[in-house]
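Indexing begins at 1, ligand by ligand and atom by atom, following the structure's order. Here the structure is a predicted model, which means the values were calculated and not measured. The analysis underlying the following values was restricted to heavy atoms, covering all of them including side chains, and did not include hydrogens, waters or symmetry mates.
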Amino acid sequence: MGSQIVDSMPDALRQSRFHMKRCFARFTGMGRRLMKSQHLKEEIEKTIEDKLERSKILEGSVGDILNSTQEAAVVPPYVAFAMRHNPGVWDYAKVNAENLSVDNITAKEYLKFKEMIIDENWAKDDNALEVDFGAFNVSTPRLSLSSSIGNGMNYISKFMTTKFSGNSESAKTLIEYMLALSHHGEKFMINETLNTIKKLQEALIIAEVFVSSFPKDTPYQNFEQKLKEWGFEKGWGDNAERVREKMRMLSEILQAPDPTNIEVFFGQLPVIFNIVVFSVHGYFGQSDVLGLPDTGGQVVYILDQVKALEEELLSRIKKQGLNVKPQIIVVTRLIPDAQGTKCNQEIEPIINTTHSYILRIPFRTEMGVLRKWISRFDVYPYLERFSQDAIAKIVEQMEGKPDLILGNYTDGNIVASLVASKLGVTLATIAHALEKTKYEDSDMKWKEFDPKYHFSCQFTADLIAMNTADFIVTSTYQEIAGSKNRPGQYESHVEFTMPGLYRVVSGINAFDPKFNIASPGADQSIYFPFTEKHNRLTKFQPAIEELLYSKEDNDEHIGFLADRKKPIIFSMARLDIVKNITGLTEWYGKNKKLRSLVNLVIVGGFFNPSKSKDREEMAEIKKMHALIEKYQLKGQIRWIAAQTDRYRNSELYRSIADTKGAFVQPALYEAFGLTVIEAMNCGLPTFATNQGGPAEIIVDGVSGFLIDPNNGDESSNKIAYFFEKCKGDPEYWHRISQGGLKRIYECYTWKIYATKVLNMGSAYGVWRQLNKEQKQAKQRYIDMFYNLQFRKLAKNVGTPSEEKQPFTPTE
Ligand code: UDP
Ligand code: LCN
């Protein structure tokens with residue numbers, strides 16, 4: 001596989017030796033630098049002037065090499081190539097520009113080339129810090145096919161099957177695991193009477209025959225006593241049929257394990273009742289928060305997720321025949337200066353749930369409680385203390401430890417890691433977006449970025465969390481291993497370097513079976529098709545009419561739509577640079593055709609930069625105003641300030657669909673993109689970025705369209721073409737709208753999500769027991785990395801001091 005391309009390099013270069021020598025001389029002629037593949041191609045074009053000759057070379061094996069090259073580090077006389085053949089599969093080679101000799105090199109050697117560009121002394125330091133989490137994974141099985149990535153659960157069941165087959169040690173672990181199942185002192189499944197495999201097997205045979213003699217729907221209570229005498233406790237099922245099935249399944253597993261039985265059996269065990277979810281930064285609340293800086297999809301995701309998990313937990317508990325009340329706590333930051341939101345309340349029940357609530361814990365230092373919102377990039381100095389406070393509160397609220405901990409985003413994940421390893425609880429991490437891939441060369445250039453973004457701290461936290469996690473939940477495949485041309489978010493943590501800080505030779509492995517895809521959905525009681533007339537939230541219509549079409553500027557909207565007969569293209573996002581709302585505004589401004597066909601409506605941010613406390617948001621606000629001016633957009637654009645009411649927003653999507661418009665999500669990169677599925681759920685044809693999650697959600701031309709955020713002209717023409725086509729064939733609009741809905745119903749619902757995640761919680765809980773020693777050894781390494789690196793970096797981030805009274809002193 002991999003090295004084939006390296007093997008082919010000498011020949012490829014030899015065949016076009018004359019031209020290649022000139023190209024490589026050009027690459028190295030400008031001294032040390034990092035070149036991206038586009039960059040290499042451009043320089044080749046400039047060097048080989050003869051068009052025919054050039055295309056012959058670019059279409060041949062040299063072209064193949066360039067196509068798989070992600071970047072090249074030029075350190076004369078060498079050019080070191082990083083090549084990616086398939087998602088997750090990399091190769092490195094160095095070419096001597098003087099004689100075109102080619103050598104295969106290791107990742108480490110390649111990283112050193114990159115370091116030479118930035119910091120030669122450090123690159124040459126034999127004792128520079130090298131991080132190798134892979135060193136602890138010796139016995140962890142790996143997947144090998146790119147197509148298996150993200151399917152970890154499936155493989156874990158297979159690996160467990162192998163472990164249990166003919167291995168009495170592992171089978172013993174299973175007994176121990178089952179003996180430990182309990183909740184608030186009440187034992188489940190089996191008790192000490194059945195403390196060996198032999199005893200359990202024999203008892204199962206007798207019990208199964210006994211339970212089979214009852215009609216299927218006989219309640220558990222009717223035969224409970226007898227089972228208890230044999231050593232069985234509650235949890236097998238609420239009726240005879242379920243109990244019998246589960247007993248049969250376990251007998252089969254003990255006799256000859258198979259992956260299907262294993263997955264189902266562990267998924268049904270009464271293991272998970274109490275869940276803690278961490279989402280630390282931003283304004284985490286249920287109303288008036290969306291669209292505030294750093295407050296977007298993660299909040300929506302978690303609230304919907306909790307609702308879905310609670311429903312699934314309740315249904316499982318009932319089927320297990322138990323009378324346990326589950327609890328789900330979302331732990332977030334308490335913000336005393338809550339800006340009119342409820343983020344200063346310690347406890348808030350979650351709407352539409354019975355057993356779930358938000359628990360808010362303030363950021364504290366020795367100065368007291370931090371009063372104000374701060375950017376997600378600046379939260380690191382508070383997290384350790386926050387974790388300690390969280391442990392105390394959680395244990396008090398739950399009267400014990402949770403059974404599963406879920407972290408979200410870097411800060412939530414590092415806190416979750418600290419809490420889970422302290423309490424010894426199964427941990428899943430979720431990264432709606434890892435920042436590393438969002439900013440080009442953010443690792444190499446970390447020193448440049450650090451004053452503003454503190455990436456050294458963030459990437460360190462991410463590494464710690466992904467290595468502590470028992471399993472990692474992702475929304476899409478691309479989040480792990482990217483696409484044909486673009487490395488995934490996790491994949492970019494496999495091997496990288498931050499010159500002067502540390503070199504990562506194995507940060508995570510994209511083929512690790514801990515990776516699982518479970519895509520979120522959108523709440524379908526809110527986001528439903530515009531065609532469902534009887535459900536439409538008509539009470540919002542007058543407000544939406546005003547919002548879209550009134551002529552006067554006010555605090556909520558500026559600009560106006562002169563021709564209201566035109567369809568609307570609509571976008572809604574936080575005003576982050578990466579969301580590229582200003583990009584879309586510019587594409588629209590430039591594209592006369594598009595402007596003649598449709599109006600533009602944007603929801604996001606504020607209008608007055610001084611109202612914002614977020615660096616990026618301020619800059620984007622100013623840019624929006626400048627673009628409206630530059631392209632004279634008044635009369636064709638409506639810019640609406642951030643909206644916080646999900647119900648009203650859903651009606652807004654539907655009202656845009658009424659105009660036969662479209663949703664446009666132009667982000668430079670989008671991890672998943674909840675607005676995309678919200679729009680699609682409402683039947684609104686959607687154009688979304690091809691960079692990230694949406695590329696998987698939308699099948700281009702069938703369930704919506706993909707656009708290239710880096711090619712504005714092409715993208716705006718694609719949108720214009722759609723509307724022109726719809727003019728001639730109104731049915732086309734409906735076909736795309738329907739295509740979007742079909743896609744959603746098949747793949748993106750919360751029910752599918754909750755089932756998967758709870759099954760993972762159980763299965764990986766067993767897996768961590770089976771690999772206890774290895775896990776412990778790795779944890780020691782992680783602890784050291786945390787202590788020696790993260791703490792120092794977090795401290796360097798600093799806490800606010802210049803503002804008046806940023807802290808409320810505590811005793
Ligand atoms: N949203 C909102 N008002 C706004 C901007 C966004 O209600 O002014 C909501 C949007 O409907 C979606 C979420 O915030 O539910 C944004 O999620 P997405 O995944 O699109 O992006 P994120 O902000 O998480 O990066
Ligand atoms: C954060 C993001 O940036 C989005 O891409 C996701 O859709 C959202 O979280 C929910 O997962």
Side-chain angles (χ1 to χ4, degrees), residues 277 279 281-305 376 406-413 429-435 437-438 473-476 478-479 489 517-523 526-527 547 556-557 570-581 601-607 612 614 616-617 620-621 639-654 656 663-682 684 686 688-689 691-697 748 750 753:
V277 181
S279 171
H281 70 251
Y283 292 88
F284 194 103
Q286 301 183 82
S287 53
D288 303 327
V289 300
L290 290 180
L292 293 179
D294 286 355
T295 310
Q298 188 168 319
V299 175
V300 175
Y301 176 102
I302 291 167
L303 292 172
D304 288 353
Q305 171 201 46
R376 69 184 189 279
L406 303 172
N408 286 280
Y409 192 74
T410 311
D411 51 356
N413 286 336
T429 57
I430 303 172
H432 300 269
L434 293 165
E435 299 291 340
T437 37
K438 283 198 201 168
V473 181
T474 73
S475 309
T476 55
Q478 67 75 36
E479 206 177 310
Q489 291 190 56
I517 305 166
S519 310
D523 187 331
I526 306 178
Y527 303 98
L547 205 56
E556 212 183 359
H557 50 73
F570 171 50
S571 197
M572 173 163 69
R574 295 177 290 112
L575 272 195
D576 257 19
I577 293 173
V578 179
K579 292 290 180 193
N580 199 27
I581 291 293
V601 171
I602 298 290
V603 168
F606 307 103
F607 310 132
S612 174
D614 188 76
E616 281 198 4
E617 196 179 61
E620 287 295 284
I621 294 173
W639 176 14
I640 302 170
Q643 293 295 306
T644 56
D645 184 336
R646 292 170 81 188
Y647 290 89
R648 196 167 97 166
N649 288 350
S650 72
E651 204 44 44
L652 184 56
Y653 284 114
R654 285 186 289 267
I656 307 287
F663 187 76
V664 185
Q665 212 286 16
L668 299 176
Y669 177 78
E670 186 62 59
F672 183 68
L674 284 179
T675 52
V676 173
I677 55 170
E678 289 166 1
M680 288 166 77
N681 264 291
C682 293
L684 184 58
T686 300
T689 177
Q691 300 296 312
E696 246 162 89
I697 303 174
Y748 299 97
W750 279 110
Y753 175 96

Open item on the list: Checking the N or O distance criterion of under 3.5 Å, is ligand 2 in contact with His432?
Closed with: yes
Task: Distance-only N or O hit between ligand 2 and Ala433, under 3.5 Å - done: no
Task: Cationic N near anionic O, under 4.0 Å, Lys579 to Glu620 - done: no
Pairwise, report which nitrogen or oxygen atoms of ligand 1 are under 3.5 angstrom from protein nitrogen or oxygen atoms, and how far apart they are.
| residue | atom | partner | partner atom | Å |
| --- | --- | --- | --- | --- |
| ligand 1 | 3 (N) | Gln643 | O | 2.6 |
| ligand 1 | 7 (O) | Gln643 | O | 3.3 |
| ligand 1 | 7 (O) | Asn649 | ND2 | 3.0 |
| ligand 1 | 8 (O) | Gln643 | N | 3.0 |
| ligand 1 | 11 (O) | Glu678 | OE1 | 2.7 |
| ligand 1 | 11 (O) | Glu678 | OE2 | 3.4 |
| ligand 1 | 15 (O) | Glu678 | OE2 | 2.5 |
| ligand 1 | 17 (O) | Gly297 | N | 3.1 |
| ligand 1 | 19 (O) | Leu674 | N | 2.8 |
| ligand 1 | 20 (O) | Leu674 | N | 3.4 |
| ligand 1 | 20 (O) | Thr675 | N | 3.2 |
| ligand 1 | 20 (O) | Thr675 | OG1 | 3.4 |
| ligand 1 | 21 (O) | Lys579 | NZ | 3.0 |
| ligand 1 | 23 (O) | Gly297 | N | 3.3 |
| ligand 1 | 23 (O) | Arg574 | NE | 2.7 |
| ligand 1 | 23 (O) | Arg574 | NH2 | 3.4 |
| ligand 1 | 24 (O) | Gly297 | N | 2.6 |
| ligand 1 | 25 (O) | Arg574 | NH2 | 2.9 |
| ligand 1 | 25 (O) | Lys579 | NZ | 2.7 |

Task: Residue pair His281 / Asp294, side-chain donor-acceptor N/O under 3.5 Å - done: no
TODO: Would you mind checking if Asp576 and Lys438 are paired as a salt bridge, meaning a charged N to carboxylate O distance below 4.0 Å?
DONE: no
Open item on the list: Can you give me the closest heavy-atom contact between Pro666 and Asn580, atom names plus distance?
Closed with: O-ND2, 2.9 Å
Open item on the list: Judged on heavy-atom distance to atom 7 (O) of ligand 2, which of Gly297, Pro694, Gly673 sits nearest?
Closed with: Gly673
TODO: Measure Phe672 to ligand 2 on non-hydrogen atoms and call it side chain, backbone, both or neither using the 4.0 Å cut-off.
DONE: both
Open item on the list: Would Glu670 count as being in polar contact with ligand 2, using the rule that some N or O on each side must be under 3.5 angstrom apart?
Closed with: yes
Open item on the list: Contact between Ser612 and Ile621 at the side-chain level, heavy atoms closer than 4.5 Å - yes or no?
Closed with: yes
Open item on the list: Can a side-chain donor-acceptor contact be found between Glu670 and Thr689 if the only test is distance below 3.5 angstrom?
Closed with: no
